[in-house]
Amino acid sequence: MVNHIPAHKLNDTTTLPAIGLGTWPMDDAQAEEAVAGALGLGYRLIDTATNYRNETGVGRGIARADVPREEIVVTTKLPGRHHGYDETLASFEQSRRRLGVDRVDLYLIHWPLPRVDRYVDSWRAMIKLREEGLVRSIGVSNFTAAHIERLEKETGVLPAVNQIEVHPLFPQDALRAFHESKGIVTESWSPLGRGSALLDDPAVISVAEAHGVTPAQAVLRWHLQLGAVPVPKSADPERQRANLDVFGFELGAAQMAAITDRVPRRLGGDPEGHEEF
């Protein structure tokens, strides 16, 4: 059990744990067990979304855990079909009811959907939710620098977080640098390169063996040293425990470079055209 997880200070003065638990593609029953177990191990950041269809299970897991609610950062996301000002407010209420919470700690726009062109309207609604105290922090997911600059220009409010695809196959150096320049924390989805052979890569294995850790632990440590917040998904208690046990070693500069020494390739959708409703 990890007693203390470092935290990042967000640009709205709140904090975000340095690692979290992802829940896609768990169903409600799996999410309940995984979340309750993870909180018992020391996780304090839980990530879900309306489109994961497991908010009810996540909420039940939170309710089961013997952890004070104020210690838990519950994240959920607005789906594409609910973009728009009034639609966002209504969708949030549905998520809040399914989660069984009074407040959502981090609310994200899941995808920008630039063709639909309603993400600024949704952002204005999210600002209102934050002002009313129903959401602690607001952010985005899969947004490009241009999308974020438009939010800032039209509303004056920057996201606290942008959750994007980041892993050694796709390190997103330019976008992470942009985030840093704006005081935005990068969250990493698919941090272990889901569906790839990343964890079987000889360079990753070599770094892991040098520290007596697993390849997954070496990659998660890589994220932490980049300043990114990984949210690996696991329903297995032992893997959850291992994924959290990444604060007792440090990668050297050459090891960081070796893990990233490959041709970048995206595994998920391109935000400029990818659409999920």
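The chain is numbered in sequence order, starting from 1.
Distance check: Q172 CD to T144 OG1 gives 10.0 Å after rounding to the nearest 0.5 Å. Put simply, CG on N243 and OH on Y43 are 4.5 Å apart, with the number rounded to the nearest 0.5 Å. To the nearest 0.5 angstrom, F170 atom CZ is 9.0 Å from L267 atom CG. With values rounded to the nearest 0.5 angstrom, H167 atom NE2 is found 5.0 Å from S190 atom OG. Taking CZ of R266 as the start and CD1 of I164 as the end, the distance is 9.0 Å to the nearest 0.5 Å. Once rounded to the nearest 0.5 Å, the distance linking CZ of R130 with CG of L106 reads 11.5 Å.
For the pair R150 and Y119, the distance from NZ or CZ to the six-membered ring centre is under 6.0 Å and the angle to the ring normal is within 45 degrees.
Looking only at side-chain heavy atoms (C-beta outward), V231 and I19 stay at 4.5 Å or farther from each other. Counting only heavy atoms from C-beta outward, the side chains of F247 and I5 approach each other to under 4.5 Å. Using a 4.5 Å heavy-atom cutoff, the side chains of P79 and W111 are not in contact. Two residues are said to be in side-chain contact when any heavy atoms from C-beta on lie closer than 4.5 Å; T155 and V120 meet this criterion.
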Take L89 and E93, measure what side chain to side chain contact (heavy atoms under 4.5 Å, CB included) needs, and give me the verdict at the end.
-> CA-CA 7 Å; L89 297 178; E93 283 301 324; over 6 Å; no

Just do the side-chain hydrogen bond (donor to acceptor under 3.5 Å, both in side chains) check on Q163 and D47 with the steps written out, would you?
-> CA-CA 10 Å; Q163 186 182 114; D47 184 85; 2.9 Å; yes

For L108 and T75, run side chain to side chain contact (heavy atoms under 4.5 Å, CB included): C-alpha distance rounded to whole Å, both residues' side-chain angles, the deciding distance at 0.1 Å, then the answer.
-> CA-CA 8 Å; L108 309 179; T75 306; 3.9 Å; yes

E152/K182 under side chain to side chain contact (heavy atoms under 4.5 Å, CB included): CA gap, chis, key distance, verdict | CA-CA 10 Å; E152 182 181 24; K182 294 290 189 178; 2.8 Å; yes

Given the rule in the side-chain hydrogen bond (donor to acceptor under 3.5 Å, both in side chains) test, do D236 and S234 qualify, once you have shown the distances and angles that lead to the verdict?
-> CA-CA 5 Å; D236 179 83; S234 181; 5.2 Å; no

Candidate pair H83 and L78, rule side chain to side chain contact (heavy atoms under 4.5 Å, CB included), full reasoning = CA-CA 8 Å; H83 277 207; L78 174 78; 3.9 Å; yes

Evaluate side-chain hydrogen bond (donor to acceptor under 3.5 Å, both in side chains) for H211 paired with Q255, printing each intermediate quantity in order.
-> CA-CA 11 Å; H211 290 276; Q255 294 174 326; 2.8 Å; yes

Please assess E87 against R81 for the test salt bridge (charged side-chain N to carboxylate O under 4.0 Å, His left out), listing each intermediate value before the final yes or no.
-> CA-CA 9 Å; E87 293 89 340; R81 63 187 176 278; over 6 Å; no

Audit row: E276, H274, side-chain hydrogen bond (donor to acceptor under 3.5 Å, both in side chains) steps and yes/no = CA-CA 7 Å; E276 289 185 14; H274 181 77; 3.0 Å; yes

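With 3.5 Å as the limit, one finds a donor-acceptor pair spanning the side chains of E55 and S95. Side-chain N/O atoms of W222 and T260 include a donor and acceptor closer than 3.5 Å. Using modelled atom types, one finds a donor on one side chain and an acceptor on the other under 3.5 Å when comparing W189 with N142. With hydrogens and angles left out, the side-chain atoms of H147 and E149 include no donor and acceptor closer than 3.5 Å. In this model, a donor atom of one side chain and an acceptor atom of the other lie less than 3.5 Å apart for T186 and H179. Counting only N and O atoms by type, the side chains of S137 and T14 include a donor and acceptor under 3.5 Å apart. A donor-acceptor pair shorter than 3.5 Å cannot be found between the side chains of D28 and T56.
A salt bridge is absent between E180 and R176; no separation between the charged side-chain nitrogens and carboxylate oxygens falls under 4.0 Å. Between D105 and R103 there is a salt bridge, since a side-chain N of the basic residue sits under 4.0 Å from a carboxylate O of the acidic one. Taking 4.0 Å as the cut-off between side-chain N and carboxylate O, E33 and R64 count as a salt-bridged pair. Comment: R96 does not engage D102 in a salt bridge, judged by the lack of any side-chain N to carboxylate O separation of less than 4.0 angstrom.
Checked against the 6.0 Å centroid criterion, the rings of Y52 and H110 qualify as a close aromatic pair.
In plain terms, the two heavy atoms of I184 and N162 that are nearest each other are CG2-N, 3.6 Å. Nearest approach of L251 to A218, heavy atoms of both residues: CD1-O, 3.7 Å.
Within the 3.5 Å criterion, the main-chain N or O of I72 finds a donor-acceptor partner in the side chain of R69.
Under a cut-off of 6.0 angstrom, the local environment of CZ in R136 is crowded, with over 12 non-hydrogen atoms contributed by other residues, nucleotides or ligands. Around the CG atom of D66, the shell of radius 6.0 Å holds no more than 12 heavy atoms that belong to other residues, nucleotides or ligands.
Remark: of the listed residues Q217, H223, Q225, Q225 is the sole one forming a side chain to side chain donor-acceptor pair (under 3.5 Å) with R221.
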